[in-house]
Amino acid sequence: MPVVAFHSSLDSPADWEPALRRHLPDLDWRTDERPGDPAEVQAVLAWKPPPGYFARFPGLRLVVNLGAGADALLGRDDLPAVPISRLNDPGMVRLMTSYVVFAVTRHARDIPAFEAAQRRREWRYIHPRPLDACRVGVLGLGELGAAAALALAAMGYTVRGWSRSPKSLPGIGCLHGEAGLRALLAATDVLVVMLPLTGATRGLLDAGMLALLPRGAALVNVGRGPVVAEAALVEALRSGRLGGATLDVFDREPLPPEHPLWAMENVLITPHIASITVPGEAAPDVAESIRRVLAGRPPLHEVQAGRGY
Ligand code: NDP
């Protein structure tokens, strides 16, 4: 009988328990309110648990990060020496794809200009461009990035993608390495950041990298705020080097009220909602990971601490 403890500041145990029980009928479910004997717990499902949380479980075999980005978990100094698995959730992928398609399309179809014109009661005609004239660059071709890139390509955008290792995706110009990044930036009208936050990606898009984009390009960041140097981003938006941005993630969340980004006409801010976990769709793989670890095998979607994602 798998004994599983749950702690999340975002998700409800009332959503997760039935979802997981469908795939693990003999589940022994523990919460902060009904902890039972912590020594019996074999797996933890967690999103940003408090410091010291894991120490109470001496028999722990698996930590399931209740999200795709594991940076908050890997950045802790109290991690147990057990495998960490991330969610691979088809519902999360669809939500993220919908946000990215919306954000890219908003820029490609000049929607911010029409919104501004409407506020002035002005009939401002801008001739639409064919979608393949819009070159989209997607940084990060993982579970979420690849799906978004493929959806954009299927719509008719010209899509290039960039990843750490070489990749091949139908209809996507796949690049890697620093030269690949520079080439991608130089030929991108809308840049979509879908990278995890790691030692290698923190501050990756600094002033120098942003300057490689064609003047007036737009930026969409749904990965993690610190991948883009925020001061350089603000300056690029102010100077017009960047024409606009759709931002879902920030250095500090919630974004402080005094932050200059709030007041910028060419910026759309959303409060880290590009995607969320859908327990019913993530549960089959979580259950399989628990079964595998209890049978002495590695879990699905294991996070590699060494590479940071
Ligand atoms: P994955 O771990 O599946 O993929 C990460 C991708 O980034 C891979 O293609 C990887 O390359 C690439 N990558 C990592 N490091 C580098 C590097 N140094 N240089 C070049 N490429 C690199 O992540 P997901 O696609 O599932 O998710 C991406 C991120 O989205 C998450 O880490 C999280 O931060 C964010 N996120 C945001 C949400 C929101 O609501 N805003 C919701 C969910 C996630 P390779 O393929 O070679 O390994």
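Remember, it's 1-based here, ligands and their atoms both numbered in the order they're listed.
Residue pairs meeting the ring pair (Phe, Tyr, Trp, His ring centres under 6.0 Å) criterion with at least one partner in residues 140-178, sequence neighbours excluded, are absent. Applying the salt bridge (charged side-chain N to carboxylate O under 4.0 Å, His left out) definition to pairs two or more places apart or across chains, those involving residues 275-292 are R94-E281, E288-R291, E288-R292.
Closest of all the heavy-atom pairs between A151 and V101 is CB-CG2, 4.2 Å.
Ring planes of Y53 and F57: perpendicular class, angle over 60° (limits at 30 and 60°).
You'll find the side chain of D71 stays beyond 4.5 Å of the side chain of Y309, heavy atoms only.
Not a single salt bridge (Lys or Arg N to Asp or Glu O under 4.0 Å) links E258 to another residue, sequence neighbours left out.
For a heavy-atom separation below 4.0 Å, the residues in contact with ligand 1 are A68, G69, R86, M96, G140, L141, G142, E143, L144, G145, W162, S163, R164, S165, K167, M194, L195, P196, A200, T201, V222, G223, R224, D248, V249, H272, A274, S275, Y309.
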